[in-house]
Amino acid sequence: MNLDLLTTLREQNPIVFNIANFVTVQDVANGLNAIGASPIMSAEPIEAPDMVKIAGAICLNLGTLTQRQVEQMKVVGQLANQQQKPIVLDPVAVGASTYRHDVAQRLLETFKVAVIRGNAGEIATLAGIDWQAKGIDAGSGDGDLIKIAQTCALKYHCVVVLSGPTDVVTDGKRVIQVHNGTPLFQLHVGSGDLLSSLVAAFTAVSGDDYFEAAQTACLVLAVTGQLVVKQMTADRPGTFAFELLDKLHLITIEEVKRLASIS
Amino acid sequence: MNLDLLTTLREQNPIVFNIANFVTVQDVANGLNAIGASPIMSAEPIEAPDMVKIAGAICLNLGTLTQRQVEQMKVVGQLANQQQKPIVLDPVAVGASTYRHDVAQRLLETFKVAVIRGNAGEIATLAGIDWQAKGIDAGSGDGDLIKIAQTCALKYHCVVVLSGPTDVVTDGKRVIQVHNGTPLFQLHVGSGDLLSSLVAAFTAVSGDDYFEAAQTACLVLAVTGQLVVKQMTADRPGTFAFELLDKLHLITIEEVKRLASIS
Amino acid sequence: MNLDLLTTLREQNPIVFNIANFVTVQDVANGLNAIGASPIMSAEPIEAPDMVKIAGAICLNLGTLTQRQVEQMKVVGQLANQQQKPIVLDPVAVGASTYRHDVAQRLLETFKVAVIRGNAGEIATLAGIDWQAKGIDAGSGDGDLIKIAQTCALKYHCVVVLSGPTDVVTDGKRVIQVHNGTPLFQLHVGSGDLLSSLVAAFTAVSGDDYFEAAQTACLVLAVTGQLVVKQMTADRPGTFAFELLDKLHLITIEEVKRLASIS
């Protein structure tokens, strides 16, 4: 785990170009800004070359995809590969519709991604493992989470973040589990989208070590949430949302180190 | 009034599929999540069959409609009718443009809705009663609110929620008025959109009794807002927004019962 | 400086029709509502005539523009000119892509705007002055900010607001600088978008004096932010966002006068 990446991120303020889920886009932009990155959202394929050029990393979120957005993602993904800018794919609700599943497959065949970030149901769907997915939620189901994440990583030759109460991060061989976090993340819509974009921000400053970048993003966000909840006397999802932004801005490497629970 | 529906909702976590107003979509998603439902937003007609299939109810919001969205709504509405999933229609600013009025009429001819939720101006416009509507606001005007709501309900053979300082809920014959609430709802953009989606969430767990579902949603939200404001020393719309999410998660049937003012 | 415009705004509740940046749209709508204006967003060109008709002013935000939105902006801009409704243009990230630059130029040739509101990099780009723009941020660069703003104003025959730590407001000849504000505005995504829409709200109640309207909007927002931050013990971007909405609703002319630092 290389927590110095947080310092690097705050010094370099990398631009993260998001093709976004319009449900959570404001929160994601604010989260990126709060931690020290620079969010940019664009919806017009014509400007894809310019946007990829200034970006340090790309985050493609399938949350509210349309055919138009899929075309944009293809263009952006290929440009990003040419320019060696890392791509994070967030396959939101990929198990909820055949269309999403087909789109995700097609995108993954069109360009190479650095990291896939999803919940257990989404990663299992991509890995081709049966799992009871229920819309955007993780659903419940059996199965070894580590094996699911590894299968997905090996299938797509990338790093996989399977996030949940415990985040599993793997490149197919190496595995790190982040045990930090809080159930409040589930109560706040867009926690997953934020994590995906934070992973992208860290890949922008990690060199080629996307495994490192992904772990660090997971740990920083999980500990941040945990610190926010420590102050709470009840489960308050509205309060959690804005205090998470506050704390993403203020959190120090020392705080992260002190609470880190990884294995 | 069947407040046990709140318990049922929290146990069943119904999926509410929203064709959303992009202005308020994040807040609506968080509100649904906070109360115990599961929001899903989709903007692509191709996945309509899958989305309707997993949904417990549908909420169609005309707030930022486009021709594309109207086509999507037609497909989704017809599928929902076939699968007997209740539809809530929110005719945002239907009095503000001829186009919106035409769209609303066409949608209501294309499929059957369970509930229409709007402010006085919007419901009057749909009912064909003259009313001075001014954009998205309720506007001011004369007229018996109960009669307006009943006329609309009888015209479209559905339950109508005419929301405002007093919410009027009617199936054309039976009428319930919810006197709870707070003027802060007017200061927070998207209170109406949230109510519409909450009504949808309750129809997903109410069986065929949409009159019951609509009342319960109105009462729960109105009392929640009232409890939030009780703690405030001044009108703070930003604070209201996040504390409303907190309280939607924490509110108990007992609290609702204690404050309920209905007639 | 005519602070009575704030009172007029609160009495008249002008409708501001926004063609919006979907990243920040909810926050902008809430900010307009909080100060006493009435936001309306529309994404469908067909209803442009009706929307322009009910609007007191228009705000066109290039933040997440698409070809579709550009077509809508052309229609809306021309209608607004015909009906003498003031237009505020926010050229978000105009320096970040050739496409955005071309679009901004084309729009400014198609209709006349009352005010352009951007950061230093954006205004310099429009003025044709070399400036190192980096995505949506102001970037850093040399150059006399007043001269940049004046050049832009003279080129497009409109009022220009170059916002930043000091806001420069000019009609090409007259210049006012607003020294109020707080660095927290930079930490909150959408502060610029909000300012643009607030400028629009003030132009809706200022008669033809857009120079006056623009100054007043800058001063009111800057002082509001400053008052919010005065209560803070650390930089909390999440807290800042909601307290800004609270304070926009509560701020008085007296408070603005007391803190105003203009030259």
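Order of the sequence lines fixes the chain letters, A, B, ..., with proteins taken first and strands second; residue numbering starts at 1 for each chain. Computed over heavy atoms, backbone and side chain alike; hydrogens, waters and symmetry mates excluded.
- The candidate with the highest count of non-hydrogen atom pairs below 4.5 Å against chain A, out of B:Asp246, B:Ile46, B:Leu245, B:Leu248, is B:Asp246.
- The local environment of CG in A:Asp102 is crowded, with over 12 non-hydrogen atoms from other residues, nucleotides or ligands closer than 6.0 Å.
- Checked by atom type, the side-chain pair A:Glu47/A:Ser42 shows a donor-acceptor distance below 3.5 Å.
- Side-chain N/O atoms of A:Gln105 and A:Tyr156 include a donor and acceptor closer than 3.5 Å.
- Contact count against chain B (heavy-atom pairs under 4.5 Å) is highest for A:Arg236 among A:Gln69, A:His188, A:Arg236.
- Only the side chain of A:Phe242 comes within less than 4.5 Å of a heavy atom of chain B; its backbone N, CA, C and O stay farther away.
- For A:Gln26, the parts lying under 4.5 angstrom from a heavy atom of chain B are both the backbone and the side chain.
- One finds the CZ atom of B:Phe111 at 9.5 Å from the NZ atom of B:Lys74 (value rounded to the nearest 0.5 Å).
- With a threshold of 4.5 angstrom between heavy atoms, A:Asn21 does not approach chain B through any atom at all.
- Here B:Phe240 and B:Phe185 bring their ring centres to under 6.0 angstrom of each other.
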